[in-house]
Every structure is written in structure tokens, then in C-alpha cells.
Q: 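I'd like to ask some things about the structure below.
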Amino acid sequence: MKYSEKVMDHFLHPRNVGEIEDATARGTVGNPTCGDIMRIDLKIIDGIIEDAKFMTFGCGSAVATSSMATEMIIGKSVGEALELTNKAVAEALDGLPAVKMHCSVLAEQAVKKALLQYYQDNDLLTDEIREKFGNLDDDAHDHGIDEDDLPGLGNK
Amino acid sequence: MKYSEKVMDHFLHPRNVGEIEDATARGTVGNPTCGDIMRIDLKIIDGIIEDAKFMTFGCGSAVATSSMATEMIIGKSVGEALELTNKAVAEALDGLPAVKMHCSVLAEQAVKKALLQYYQDNDLLTDEIREKFGNLDDDAHDHGIDEDDLPGLGNK
Amino acid sequence: MEKKRIYFDHAATTAVRPEVISAMLPIFEDVYGNPSSFYNEGYAANRYIEQSRQTVAELLNVSPKEIFFTSCGTESDNWAIKGTAFSKQKKGKHLITSTIEHHAVLHSMQALEKLGYEVTYLEVDGYGLVDPRQVEEAIRPDTILVSIMMANNEIGTIQPVAEIAEICRAKGVLFHTDAVQALGAIPVSPHDLGADLMAFSGHKFYAPKGVGIMYIKRGVRIANFMDGGAQENRRRAGTENTPYIVGITKALELALAAMPEESKRLIALRDDLIRQLQSTIPYTKLNGHPVKRLPNNINLAFEFIEGESILLLLNELGYQASSGSACTSGSLDPSHVLLAIGLTHEIAHGSLRLSLGKENTKEDTDKLANDLPGIIERLRLMSPLYADFKRGKIKNIIPEEGTDILKGALTYEV
Amino acid sequence: MEKKRIYFDHAATTAVRPEVISAMLPIFEDVYGNPSSFYNEGYAANRYIEQSRQTVAELLNVSPKEIFFTSCGTESDNWAIKGTAFSKQKKGKHLITSTIEHHAVLHSMQALEKLGYEVTYLEVDGYGLVDPRQVEEAIRPDTILVSIMMANNEIGTIQPVAEIAEICRAKGVLFHTDAVQALGAIPVSPHDLGADLMAFSGHKFYAPKGVGIMYIKRGVRIANFMDGGAQENRRRAGTENTPYIVGITKALELALAAMPEESKRLIALRDDLIRQLQSTIPYTKLNGHPVKRLPNNINLAFEFIEGESILLLLNELGYQASSGSACTSGSLDPSHVLLAIGLTHEIAHGSLRLSLGKENTKEDTDKLANDLPGIIERLRLMSPLYADFKRGKIKNIIPEEGTDILKGALTYEV
Ligand SMILES: Cc1ncc(COP(=O)(O)O)c(C=O)c1O
Ligand SMILES: Cc1ncc(COP(=O)(O)O)c(C=O)c1O
């Protein structure tokens with residue numbers, strides 16, 4: 001399995017690694033059992049994401065998607081960030097292998113989870129906005145791919 | 001499958017091919033259904049095999065064993081010829097592949113069948129001698145080999 | 001004894017093309033990584049495999065997802081048959097095939113019979129043709145698979161597989177065709193054909209022995225045959241044989257590019273040689289169909305003599321060929337295919353298969369046309385059957401002028 | 001980026017030795033005849049195959065009649081298991097294996113379960129060892145096969161197979177052992193071992209991928225797996241892959257000749273590298289047995305990080321290795337072997353296998369010992385688990401000073 005150059009670039013030189021000491025909001029998703037956990041810290045000032053940092057336990061694309069996701073939301077308004085989709089993250093990375101699409105889902109969800117905290121803390125959650133968060137607590141690991149499309153690794 | 005040089009020599013240059021016009025005795029064994037028929041003609045004078053000729057429909061070793069068998073009995077007395085064994089024929093040819101041993105059995109039986117005619121025609125069949133002919137009419141095609149030892153030809 | 005050797009056994013196997021060896025060599029030397037891995041060497045191997053799959057798919061006009069690399073034609077046949085049997089047993093345990101299939105099919109069927117499956121073996125006509133109507137009649141509610149080969153390896157007869165596939169589709173039964181002899185020789189288009197499963201083998205078209213291809217139509221789900229690792233999209237386990245996969249692909253590319261011209265050339269050579277031999281050698285029968293026939297296949301029965309002897313004498317003169325006489329295999333029965341088209345044992349024993357290939361020329365076939373009559377004559381003069389025939393003690397089965405079909409032939413009484 | 005690349009993935013596959021390529025090349029070029037035929041070219045092919053069989057038999061100290069060439073280790077395992085199952089079903093339908101077998105064994109067993117067979121999967125201890133007494137207890141009157149691997153491919157643990165074979169013999173049950181990782185690495189003697197069936201694969205000892213060997217003890221009769229032609233003494237069909245048969249034989253000769261010295265050398269390298277890494281990288285566990293271990297196998301779990309990331313960073317520095325993290329395979333589960341020895345999912349995900357081979361030197365392992373701590377540190381500094389651990393929010397599972405066994409380890413609560 002081979003990653004795009006963009007993925008490798010973001011894996012080897014991840015942008016915005018770390019934690020934000022005085023983060024406005026934090027979103028942690030994933031599960032160590034599944035082999036990936038992503039945590040995204042946001043520094044939000046006046047509804048604008050001034051800074052974002054991530055920490056990731058996971059594979060190459062987990063790191064790359066979290067790195068890309070932080071890049072994509074820094075400087076955006078929370079409303080704009082809420083529109084971030086996993087597809088957009090994957091596309092920004094010039095695509096991901098089918099079996100790795102779930103990583104982009106995780107990245108989207110980590111961002112959303114942090115945003116959810118911000119919306120809740122600031123009492124901004126309208127019904128309309130609540131919908132945009134979808135069901136964050138559902139299995140973030142529904143790989144959502146056609147079994148038929150799975151190349152696989154043999155354990156040898 | 002490969003034959004010994006002796007087998008190939010007797011196949012390519014068979015000794016004593018043909019029929020004897022005024023044969024004293026003739027033995028035909030085998031079955032076209034099985035893919036081999038051997039016929040051996042003997043010219044016997046005063047109990048001595050003055051001449052022997054064969055005709056064979058069959059594989060390389062069928063030809064070689066009949067050729068060798070005629071060679072081995074020419075000049076011998078009928079009593080001596082009666083002692084001819086398939087093993088002796090095979091050994092004289094430096095061996096046969098396991099799946100081809102039945103050809104040597106056929107050669108022995110063709111000789112015996114001709115001799116049987118001679119003994120019968122000349123009223124020489126004692127009980128002791130009758131035994132030497134064994135059961136000539138039994139399936140001359142009992143290959144008598146361990147299935148385990150059969151290399152085989154795929155039809156491709 | 002350094003004569004030029006002439007190879008007429010292409011239906012058995014072919015020599016690996018130099019271009020194929022050249023394509024494989026660098027892979028042996030450099031692309032040794034595990035294709036399923038996380039390092040450059042593994043990616044490289046994987047890329048070679050997926051590019052090969054893509055190329056094969058394009059050549060066969062199918063999707064790469066329908067192409068699986070196997071270890072040989074035999075494996076592909078086993079997979080198609082046993083994989084279907086094991087996955088569809090809830091629907092039923094009845095399979096249909098013909099009496100002239102390759103042993104890879106027939107013995108797979110027999111293995112299933114031992115496990116409680118039931119198999120109908122359809123008979124063929126004198127040319128070796130399966131009648132599609134008989135397929136239709138044989139299909140039952142519990143039938144799970146029909147397996148009829150595309151072209152026969154011994155007599156070259158090409159079956160009406162598209163018609164049979166159509167019937168199977170209408171009845172909702174999976175259709176497998178052993179196309180090992182067809183690929184590279186005649187046009188093969190899985191989608192046009194409408195087959196669900198197809199078996200191919202590399203060494204019939206100048207790839208190495210030990211690599212095959214399996215076509216499985218998208219959506220068709222059969223049990224795996226080679227269980228283990230997740231290779232080949234989880235459907236065929238075993239570490240990938242990258243060099244051979246590259247090799248079979250290269251060989252297929254070259255074979256299909258050459259086919260339009262080459263098949264015309266071979267058909268001309270074939271028909272010319274058949275005509276020459278039938279006109280110079282009396283009591284000779286052409287086995288198989290005169291027209292619905294692989295371009296490279298000649299199969300002749302010469303009355304009164306036995307096949308192995310012909311092969312040995314041919315070998316002495318530098319020819320390589322094969323025969324349907326199988327006395328050597330420990331069984332007394334000659335080829336099941338020759339018996340199935342109605343030959344008696346003794347005639348079947350006297351058969352010779354000449355299968356032509358890319359390096360054969362008119363010079364080769366003319367040389368054989370010149371040499372073979374003497375070989376046949378020599379063996380006939382040694383044959384007690386021929387002596388009895390000459391003496392009028394038995395009747396011939398094949399007419400003196402030759403024939404391409406025999407019906408109700410009698411067996412000699414000796 | 002033209003660094004020297006260092007290959008540490010020999011347990012996955014090895015590069016074909018130049019001597020093996022040289023032995024195979026002339027066969028590709030010249031020995032193309034059908035080994036089952038009646039002409040010189042075919043005899044030649046057949047002679048190569050039978051000489052290879054003879055050589056392999058001598059090297060393993062068995063009879064040539066006990067040696068069969070197959071298309072890979074996976075095929076040999078499938079044959080042993082399914083062949084036994086299908087031929088012994090009158091006796092029973094119960095098989096015994098362990099939870100740490102290769103998928104070639106496990107998935108064959110699962111395929112049988114779908115067909116109504118019953119399989120007992122024996123658990124292993126923290127080192128990956130099967131307890132022979134548990135084998136004995138698991139055998140029932142309807143047990144037809146016990147299959148326990150000789151050495152594990154992931155953690156290198158060497159099983160007490162002779163003892164297990166002895167128990168099986170006493171109970172009249174066939175014993176198969178997957179010796180794919182063992183052959184060429186540790187002494188393998190089928191007769192001393194008392195196994196009935198053994199599977200081997202060429203590409204683990206510098207032969208090509210796509211050729212294997214099956215040992216079947218004289219007198220042991222199991223159903224064929226690859227049904228078809230009469231090749232391999234009628235027990236394994238498919239046109240013989242002469243070049244690879246010659247290749248695997250040459251490779252085995254060379255591997256066994258080198259083994260006494262080479263295994264000492266590798267054990268020294270292995271233990272030195274393990275010691276170095278465990279002393280420089282905290283929270284590191286050695287997976288597998290410290291002593292009952294393949295000479296070339298190192299398997300380490302690094303807490304708080306994930307395996308694929310380690311591989312990718314290693315690849316950047318020119319190393320090739322593998323991991324027990326299988327998130328990539330579409331399943332969320334890490335290696336079944338690592339879970340079977342009691343690792344939690346998160347620890348198993350952080351494992352790295354380094355498998356050494358003939359071209360590795362002390363320089364290579366020292367270079368890695370120098371590079372790896374930085375890689376692990378870099379990933380830990382990116383890991384939210386490590387951050388939480390540092391902050392005291394979660395406890396470590398592996399002790400700081402490292403360990404080779406873990407029992408009842410807890411899973412983090414995040
Ligand atoms: C223990 C074990 N068994 C079986 C196999 C399968 O061998 P192959 O890849 O030749 O099919 C392997 C290697 O992949 C292995 O390590
Ligand atoms: C029609 C047919 N099917 C199957 C096979 C088996 O192919 P392989 O030898 O590659 O296993 C052959 C050739 O041997 C064949 O001619």
C-alpha cells in the first residue's frame with residue numbers, strides 16, 4: 001500500500017503537532033483498541049480559530065489527516081470549520097487508500113468534537129447547528145468501505 | 001519416462017521381426033483393447049528352437065521385450081526356453097520402468113503360449129511341465145505394481 | 001545426432017519466450033519485497049502486480065477486480081469447481097460437466113462425488129461437441145454449476161460455450177469454462193461469452209509453467225480454494241509470485257497481439273499437414289472437428305499401431321509430439337477424450353497429437369509430412385493386427401482413404 | 001535519497017539468491033519440455049525434477065516418495081488440513097490447532113468449520129507456547145488431525161512439536177506441522193520429529209515466491225488438494241514448475257549448508273539488538289520466547305505508539321520491517337498472534353518485527369539500534385496516550401525497564 005506524496009509529507013512533517021495549553025476546546029476521538037486516537041485542541045477567539053494543534057496515536061494517514069485538518073481550519077470561523085468534511089481532507093491530501101478513508105472520518109470528527117464543546121460552552125447550539133454534528137458518538141470506526149475493495153496485508 | 005539404451009536399441013533395431021511361414025508353433029497374447037498384442041512364431045527342430053520371430057502391436061517396451069525374448073530363446077532347447085522369465089527379459093534389457101514391467105510378462109507369456117502349442121502338438125505335456133505354463137489364460141495384464149510407484153502421464 | 005529438433009507439442013506446454021524471461025529477470029533480482037508491506041521494495045512489487053492485473057484486465061476487456069492470479073490452470077479449475085460446490089451447497093449439490101474435460105475438471109468433480117455431490121457427465125458427439133440442449137435438459141433445481149471447456153486439449157474441438165452460458169444464465173446456474181487451451185489461440189472475451197468463471201494457464205502461451213489466471217465475474221461469490229493470507233483481494237492466499245505474474249502478463253500481451261495473423265498462419269499449416277498426411281497414409285482418421293478446431297491442433301488415429309511407438313520413432317528423427325495412448329500411466333485405458341468421441345480402444349491407442357506453435361514453419365510440417373508415412377509403415381509392418389488385416393483375417397475400422405468421423409466402429413476379434 | 005537500504009523483513013520473504021537464479025535460468029531457456037512425455041526435452045525436465053526430489057529428500061533425510069512439490073507454503077498447509085479432513089471424515093470431523101497458527105492454517109480450519117467440521121483452537125502461554133498436555137486432553141475419538149506450527153512467523157516461538165507428535169502417534173491421530181518458518185533456520189528432520197505432514201515454502205530461504213514443498217510420511221494417505229493430471233506420483237496435479245523446483249532445491253542446499261554457522265551468527269546479532277533496544281527505549285516488551293526462538297526473529301512492542309507509523313519512518317531511513325498492526329487490512333484487530341499471547345490491542349498495535357537474514361551485519365543492527373530510539377521518541381511525542389501518561393492520567397502497561405512477559409495487562413481508559 002502506498003500513500004500519496006502529500007500524505008507522506010504531512011506524516012513526515014506534521015503541521016501543528018502538540019497541545020494548546022489554554023485551549024478553548026478539545027476533541028478526542030478514536031479508541032486505542034482500534035489503533036487510532038486523535039486529539040485536536042482549538043484556540044478560538046471571537047468565533048475565529050486562531051490556532052489548532054493535534055496529537056495522534058495511529059497510522060500514517062491518521063497523522064496526515066489530523067495534520068491536514070488543522071491546517072484547513074486555522075483562520076476559519078467556527079461556522080466554516082463546521083463544514084469541513086472527511087472527503088475534503090482526503091482530497092486535500094491527494095486521496096487516501098480505500099482502507100484508510102476512516103482516518104479522514106476520524107479527523108473530521110475530532111474537529112467537530114472540539115467545535116461541539118465550543119458551541120456548548122458558549123450556548124450556541126441551535127437545533128439547526130446540532131444537526132451538523134451528526135451522531136458524533138456513533139462508532140467512529142465504521143470504515144464504510146466495500147469489503148470487495150480491500151486489498152489486505154497477510155501476516156507473514 | 002525414459003528407457004534404457006538397450007530397450008531403445010531393441011525398439012529401434014528389433015531383432016527377428018516377422019512371421020515364420022512354416023512355424024512349428026505360434027503364441028499370441030495380449031489384447032488390442034489394452035494397447036498391446038504380441039505374437040511369437042517358433043521353428044523347432046528336434047526340440048531345439050532353430051528360429052523365432054515376433055510381431056508386436058504395442059509400445060516401445062512391448063517391441064523391445066519381444067525382440068529380446070526371441071534373442072534369448074533362439075538356439076535353446078524347448079526345456080530351456082520354458083525357464084525364460086519376464087524378470088530375465090527385463091534384466092537383459094537393463095531394466096524397464098515400473099509401469100512397463102507388464103510388457104516383459106507379455107513377452108514371457110507369448111513364448112510360453114507358443115511352447116504350449118508345441119508340447120501339446122507333440123504330446124509332451126506331463127503334469128510337471130503343465131505346471132510350468134502357469135495359468136496362461138489369466139489376465140496377462142495384471143500389472144502387479146504398487147500404485148504408489150506409478151509416475152503418470154497427464155493428458156495435456 | 002545434432003539434428004534440428006522440431007517441437008510439435010505446444011498444447012502440452014510451450015517454451016518461455018525470451019521477452020518474457022527478460023521481463024521476469026529484473027523482478028527476481030530486485031523486486032523481492034513483500035507486496036503487502038510498508039516499504040519501497042514492497043510497494044514496487046505491489047505496483048508490478050497491480051499493473052499486471054490492469055493489463056490482463058484490459059486484454060480480456062474485463063475489470064481488474066475480476067482477475068486473480070493463481071499457480072496454474074489446474075488450480076483455477078479446482079477453485080471454480082470446488083469453490084462453487086462448497087459455497088452453494090445450500091442451493092444444491094448437483095454439477096454438470098462433459099466427458100471430455102481435462103482431468104483438472106474431471107478429477108475435481110470426482111473429489112466432490114466422494115463428498116456427496118452428484119455430477120452429470122454429458123456425452124459428446126463424434127466430433128467432441130457438447131450439445132447445448134443436453135445441458136439445458138440436465139439442469140435441475142439443485143444444479144449449482146455447469147463446467148464445459150472452451151476448447152479441448154487433445155482433439156482441439158471448440159465448444160459452443162456462449163450458447164451454453166446463455167442457457168445457464170437463463171436458468172440461474174453458474175457457468176465455468178476451462179479456457180486453458182483457448183486463451184492466446186482464439187478470441188476469448190469473458191463478458192461477451194457470459195461466463196461466470198474462467199480458467200487460464202500461462203504455459204500454453206509462452207509464459208512459465210506454474211502460473212495461471214482465474215476470471216470471476218463481478219458479483220459472483222464462491223468460496224476460496226487457497227485459504228490463508230489476504231492476498232489477491234482476500235480471495236487467493238499465498239505470497240504473490242511477482243516474477244511469474246509479470247511474465248504471464250507479458251506473454252499474454254504478446255500472444256494476443258500476434259493472434260490475428262498467427263491463427264491464420266497456423267490454420268493454413270494445420271490444414272495442409274492434415275491433408276498431406278491423410279493422403280499419404282491410409283487408414284487414418286482425423287480426430288476432432290474439421291473446422292470448429294483450435295488453429296494449432298492436429299489429432300490423427302493411425303489404424304493397427306500404437307501411439308507411444310510413433311512418439312519414440314518421431315523423437316529419433318527430432319520431433320516432439322504426444323499421443324492419447326496412456327498405457328504408460330499405469331491405466332490400460334487410452335485417452336478418455338478419444339473414447340468419448342467413439343473410438344475403440346485399439347484405434348485410440350494409435351493416436352498422435354501434433355500441436356503447432358509460433359516457431360513452426362511450413363518447412364517443419366513438410367519435413368514431418370515426408371517422415372511420418374515411413375514411421376507408420378514401419379510400425380504397421382511389425383504389427384500382428386496389420387498382418388492379420390492383410391491376410392483378410394480382420395477388417396479395417398478406418399476406411400483406406402481416411403475419415404474424420406466414425407460411428408459404431410467395431411472392435412477387432414483377435 | 002540513495003541510501004543503503006537495510007532489509008529486516010526476512011520472515012515475510014527473502015530475495016532470490018543469485019546462485020538460485022543461475023540454476024533456474026538455463027531451465028527457463030532450454031528445459032521447456034513437458035516432464036511427462038516421450039521425447040528428449042521432456043526426459044530432461046523430468047530428470048531435473050526427480051533429481052531435485054532426491055536432493056531434497058537427502059537434505060531432509062527422508063525418502064523421495066515422501067516429497068511433493070507445491071506452489072507455496074499456503075498450498076501445503078491447505079493440502080495437509082483439507083486433504084486429511086476430506087479423506088478421514090468417516091473417522092471423525094474434529095481437528096485441533098492453536099490460536100497462533102498462520103492464516104494458511106487458521107483459514108483452512110475455518111473453511112472446514114463452514115463444511116460442518118469442528119475445530120479446537122488451543123490457547124498459548126505468554127511466550128506463545130502450546131502445552132503438549134493440552135493437546136493430549138483435546139484429542140477425542142473423532143479427532144483426525146492435530147496441526148501445530150513448528151515456529152511462529154511473527155514472534156518466532158519454537159513449539160515442542162516432537163512431544164506433540166509423540167502424543168498424536170500414541171493416540172493414532174495424524175500430526176501436521178507448518179514448518180515454513182523453521183526450514184533453513186533451525187534443524188528440521190521429519191522422521192526424528194515424527195510428523196505425518198509438513199509444509200515448507202521456498203521464499204523463506206532465498207528461493208522464489210510461488211514454490212513450496214509438502215512432506216507426507218510414507219503410508220499416510222490423504223485426499224489430494226490439487227486434483228487433475230497424474231503429476232507428482234498422482235498426488236499433486238498441475239504441469240510441473242521445473243525452474244522453481246530446481247530453484248527451491250538449490251536454495252535449500254545452500255541454506256542448510258550455511259545453517260550451523262549462520263544460526264549462531266544470527267542469534268548473536270538478534271540478542272545483541274534486543275538488548276540494545278530494550279536498554280535504550282523504555283516501555284518496550286519483547287514478544288515471544290527469549291530462548292525458544294527463531295535465530296532471526298525480533299518482535300518488540302513499544303508502548304503508546306502504533307506500528308505502521310514506525311514502519312513508515314523506518315522506511316524513510318532505509319529500513320524494511322513489518323508490524324503486527326493490521327488496521328490496514330480493513331480489520332481493526334491487530335495480529336491474532338500478539339493478542340493470543342495476552343497483549344492488549346493498544347500494545348499489540350505498537351509492535352515491530354525485525355527479521356534478520358544472511359545479508360545483515362552487525363553494522364546494520366548497530367545502525368538500527370542507533371536510529372530506532374529517535375523514531376520511537378518522535379512518535380511518542382505525537383501520541384495523546386503518551387501525553388496522558390506523562391501527565392499521570394493513565395498508567396503504563398509495560399514497565400519502564402522493559403519485559404518479556406505480561407500477564408493480565410489492563411487496557412487504558414481514555
Ligand atoms: C508460518 C507460515 N506458514 C505459511 C506461510 C505461507 O507461505 P506462502 O507465502 O509460501 O504461501 C507463511 C509465509 O507467508 C508462514 O510464515
Ligand atoms: C484444457 C486444460 N485444462 C487445464 C490444464 C491444466 O493446466 P496446468 O498444467 O497449468 O495446471 C491443461 C494443461 O495441462 C489443459 O490443457
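Since the structure is predicted, the reported quantities are computational estimates derived from the model, not experimental observations. A, B, ... follow the sequence lines: proteins, then strands. Residue 1 opens every chain.
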Q: Ala12(D) and Asn34(C): which non-hydrogen atoms are nearest, and at how many Å?
A: CB-ND2, 3.7 Å
Q: Is Leu314(C) in contact with chain D via its backbone, its side chain, both, or neither, using a 4.5 Å heavy-atom distance?
A: neither
Q: Determine the minimum heavy-atom distance between Tyr32(C) and Lys209(D), stating which atoms define it.
A: O-NZ, 3.0 Å
Q: May I ask you to say whether Arg5(C) pairs ionically with Glu41(D), meaning some side-chain N is under 4.0 Å from a carboxylate O?
A: yes
Q: Give the member of Thr74(D), Val16(D), Asn78(D) that has the highest number of heavy-atom pairs under 4.5 Å with chain C.
A: Asn78(D)
Q: Taking all atoms of both residues into account, what is the closest heavy-atom pair of Ser71(C) and Arg236(D), and its distance?
A: OG-NH2, 3.9 Å
Q: Shortest non-hydrogen contact from Ala111(C) to Asp227(D)?
A: CB-OD2, 3.3 Å
Q: What residue, out of Leu115(C), Val20(C), Ile21(C), has the most heavy-atom pairs lying under 4.5 Å from chain D?
A: Leu115(C)
Q: For Gln89(C), is it the side chain, the backbone, both, or neither that has a heavy atom closer than 4.5 Å to a heavy atom of chain D?
A: side chain
Q: Going by the angle between their ring planes, with limits at 30° and 60°, are Phe28(D) and Phe28(C) parallel, tilted or perpendicular?
A: tilted
Q: Checking Met109(C) against chain D: side chain, backbone, both or neither under 4.5 Å from a heavy atom?
A: neither
Q: Using non-hydrogen atoms and a 4.5 Å limit, figure out which bit of Ala223(C) sits close to chain D: side chain, backbone, both or neither.
A: neither
Q: Under a 4.5 Å heavy-atom cut-off, does chain D meet the side chain of Thr14(C), its backbone, both or neither?
A: backbone
Q: Step through it carefully: locate the ring centre of Phe86(D), locate the ring centre of Tyr117(C), and say whether they are under 6.0 Å apart.
A: no
Q: Are the side chain of Lys82(D) and the backbone N or O of Phe225(C) linked by a donor-acceptor pair below 3.5 Å?
A: yes
Q: Between Asn315(C) and Asn40(D), is there a donor-acceptor pair closer than 3.5 Å when you use the side chain of the first and the backbone of the second?
A: yes
Q: Can you tell me how far apart SG (Cys72(D)) and CD (Glu240(C)) are? Round to the nearest 0.5 Å.
A: 10.5 Å
Q: How many angstroms lie between OG in Ser108(C) and CE in Met226(D), if you round to the nearest 0.5 Å?
A: 9.5 Å
Q: Check for a donor-acceptor pair, side chain of His107(D) on one end and backbone N or O of Gly228(C) on the other, with a separation under 3.5 Å.
A: yes
Q: Ring centroid separation for Tyr319(C) and Tyr39(D), is it under 6.0 angstrom?
A: no
